Structures are given as C-alpha cells and as structure tokens.
Amino acid sequence: MKHCKLIRYRLLCVVALVGLTLSACGWQIRGSENIASNANFEGNALSVKFMQRNPTLMQVLHNTVRSNQLAISSDANTKLVIERERLEKQSLAVTETGVAAQYQLILTIHYHVKTADKTLVPSNQISSWRSYDFDAKQIAAKSQEEQALLLEMREELVNRMLLAISDSEN
C-alpha cells in the first residue's frame with residue numbers, strides 16, 4: 001500500500017513538472033493565439049486584393065480574419081495582395097496494377113503585403129502539403145477527404161500570412 005502511494009506521488013510530480021516546463025517555454029495549444037492582439041493592424045482592418053478570382057480562398061480568408069477580430073476594408077492601410085494559388089497533386093504510390101494508391105497535395109500561395117509608404121512583406125510564397133491514401137472503390141469519400149485537406153491547408157496558409165503581417169508590423 002505504501003508503495004502505491006509513492007508511485008502516485010512520483011507520477012503527480014512528473015505531471016506537474018511537465019506542465020510547468022511547457023508553460024514556462026511559452027507553449028500553447030495550436031490555434032489559440034489571437035493575431036489581432038499581437039499585430040499592429042491600423043484600425044484592426046486589412047485590405048485584400050486577389051489577382052486571380054478565388055472564391056474558396058477568399059471565404060477562408062474572410063472567416064479567419066473575422067475570427068481574429070479583424071475586418072476587411074478596402075480603405076485599410078495594410079494591403080494583402082494574393083498573387084496566385086497553385087495546387088499540385090502528385091501520385092506517391094501505385095498498386096501492382098498501376099493505379100494510384102496514395103496522393104500528395106501541395107498548395108502554394110504567392111502574396112505580398114504593403115502599406116501606402118512601404119512594403120511589409122515582399123513577394124513571397126508559402127506552401128503546405130498533405131498526403132492521403134486513395135481507394136477507387138471509395139471515390140466519393142476520398143474526394144471529400146481531399147476537399148477537407150485542401151480547406152485545412154488553406155486555413156493554415158492564411159494563418160501563416162496573417163502571422164507574417166503581424167511580425168512585419170511589430
């Protein structure tokens with residue numbers, strides 16, 4: 001019985017030590033950071049221009065900006081220009097019959113950020129990639145999985161662009 005109490009005590013100490021270590025190094029749960037609180041967006045607004053029509057990326061950008069307590073305004077001082085988005089889909093593995101068994105998606109966004117008097121982020125490109133298994137017998141489900149992965153990738157890239165703007169303004 002005394003041995004069990006000692007083991008519980010040691011386990012509690014280890015858990016407490018890990019918790020203190022993680023909080024001391026600044027670690028936090030992914031997605032919990034509010035970009036607006038760390039950025040210096042003038043008037044908490046951002047102007048966005050798309051060089052190519054892209055309604056899906058536009059919707060993701062609007063949702064992310066809104067969730068970070070920012071606004072999109074055509075007369076905002078900080079201007080994000082989305083030059084283009086490129087999607088590559090590559091076969092990673094094939095079956096013995098030559099049918100694709102696994103794909104890799106690579107999503108790249110080219111962008112730059114400027115104000116009226118200076119360039120905050122020069123022309124830049126950021127990429128995200130995911131891979132998934134493909135099964136021709138489950139074509140509808142795999143198509144939905146691909147769309148979900150693309151949405152996740154766009155959200156990641158939009159967050160990275162907003163963080164780049166935040167970092168450039170501080």
Side-chain angles (χ1 to χ4, degrees), residues 28-95 98-116 118-170:
Q28 63 185 29
I29 296 174
R30 184 177 178 190
S32 64
E33 182 176 3
N34 185 333
I35 293 170
S37 65
N38 295 336
N40 207 4
F41 291 102
E42 190 173 308
N44 280 347
L46 177 68
S47 173
V48 180
K49 179 179 180 183
F50 285 85
M51 302 301 282
Q52 297 176 343
R53 190 175 181 280
N54 190 332
T56 309
L57 182 60
M58 184 180 297
Q59 186 63 47
V60 170
L61 184 63
H62 278 267
N63 291 344
T64 305
V65 164
R66 202 172 323 123
S67 71
N68 281 286
Q69 286 118 27
L70 294 170
I72 293 183
S73 171
S74 59
D75 59 343
N77 187 43
T78 305
K79 298 185 186 319
L80 169 63
V81 179
I82 307 290
E83 298 165 7
R84 69 182 176 277
E85 176 189 85
R86 186 179 75 239
L87 173 64
E88 297 175 52
K89 183 176 179 180
Q90 302 172 347
S91 178
L92 289 180
V94 293
T95 64
V99 177
Q102 190 176 42
Y103 283 105
Q104 180 179 46
L105 302 172
I106 304 170
L107 186 65
T108 304
I109 297 177
H110 297 260
Y111 74 100
H112 66 272
V113 183
K114 61 184 179 178
T115 61
K118 67 180 178 177
T119 299
L120 296 176
V121 178
S123 191
N124 192 16
Q125 72 176 25
I126 53 175
S127 297
S128 178
W129 56 91
R130 303 284 188 280
S131 59
Y132 67 98
D133 295 328
F134 182 76
D135 184 356
K137 295 174 189 168
Q138 300 176 344
I139 193 85
K142 291 303 177 175
S143 178
Q144 287 178 343
E145 180 181 0
E146 181 179 318
Q147 293 308 310
L149 288 172
L150 287 171
L151 178 61
E152 178 184 297
M153 293 163 70
R154 284 186 178 100
E155 289 170 348
E156 174 193 337
L157 293 175
V158 165
N159 278 318
R160 287 172 51 194
M161 284 188 288
L162 292 176
L163 285 172
I165 295 169
S166 173
D167 290 345
S168 69
E169 290 187 338
N170 289 332

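No experiment lies behind these values; they were computed from the predicted model shown.
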Original post:
Around Lys142, counting heavy atoms of other residues, nucleotides and ligands shown, do more than 12 lie under 6.0 Å from its NZ?
Top reply: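 For Lys142, atom NZ is crowded (more than 12 foreign heavy atoms under 6.0 Å).
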
Original post:
Does atom CE of Met51 have more than 12 heavy-atom neighbours from other groups under 6.0 Å away?
Top reply: no

Roughly how far, to the nearest 0.5 Å, is the [atom2] atom of [Y] from the [atom1] atom of [X]?
| X | Y | atom1 | atom2 | value |
| --- | --- | --- | --- | --- |
| His110 | Asn124 | NE2 | CG | 9.5 Å |
| Leu80 | Lys114 | CG | NZ | 11.0 Å |
| Ile72 | His62 | CD1 | NE2 | 4.0 Å |
| Gln125 | Tyr111 | CD | OH | 10.5 Å |
| Arg130 | Glu146 | CZ | CD | 13.0 Å |
| Met161 | Glu156 | CE | CD | 11.0 Å |

Donor-acceptor contact present, side-chain [X] to main-chain [Y], <3.5 Å:
| X | Y | result |
| --- | --- | --- |
| Thr64 | Leu61 | no |
| Lys79 | Ala76 | yes |
| Arg86 | Ile106 | no |
| Asn68 | Leu70 | no |

Original post:
Going through the checks in order, is the side chain to side chain contact (heavy atoms under 4.5 Å, CB included) test met by Asp133 and Gln102?
Top reply: CA-CA 4 Å; Asp133 295 328; Gln102 190 176 42; 3.2 Å; yes

Subject >> Side-chain donor-acceptor pair present, Glu155, Asn159, cut-off under 3.5 Å >> reply: no

Taking all non-hydrogen atoms of both residues, which atom of [X] and which atom of [Y] are closest, and how far apart?
| X | Y | result |
| --- | --- | --- |
| Ala101 | Thr95 | CB-CG2, 3.9 Å |
| Leu46 | Leu162 | CD2-CD2, 3.8 Å |
| Thr108 | Ser127 | OG1-OG, 2.8 Å |
| Ser128 | Met153 | O-CE, 3.0 Å |
| Ser131 | Leu92 | CB-CD1, 3.7 Å |

**OP:** List the steps, then state whether side chain to side chain contact (heavy atoms under 4.5 Å, CB included) holds for Val158 with Leu57.
**Re:** CA-CA 8 Å; Val158 165; Leu57 182 60; 3.8 Å; yes

Original post:
Is any side-chain heavy atom of Gln52 closer than 4.5 Å to a side-chain heavy atom of Glu85?
Top reply: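 A side-chain contact is absent here, since even the closest heavy-atom pair is not under 4.5 Å.
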
Original post:
Do Arg154 and Leu157 have side-chain heavy atoms sitting under 4.5 Å apart?
Top reply: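 With C-beta onward as the side chain, the pair stays apart.
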
Original post:
Is the NZ or CZ atom of Lys89 positioned over Tyr103's six-membered ring, under 6.0 angstrom from the centre and within 45° of the axis?
Top reply: yes

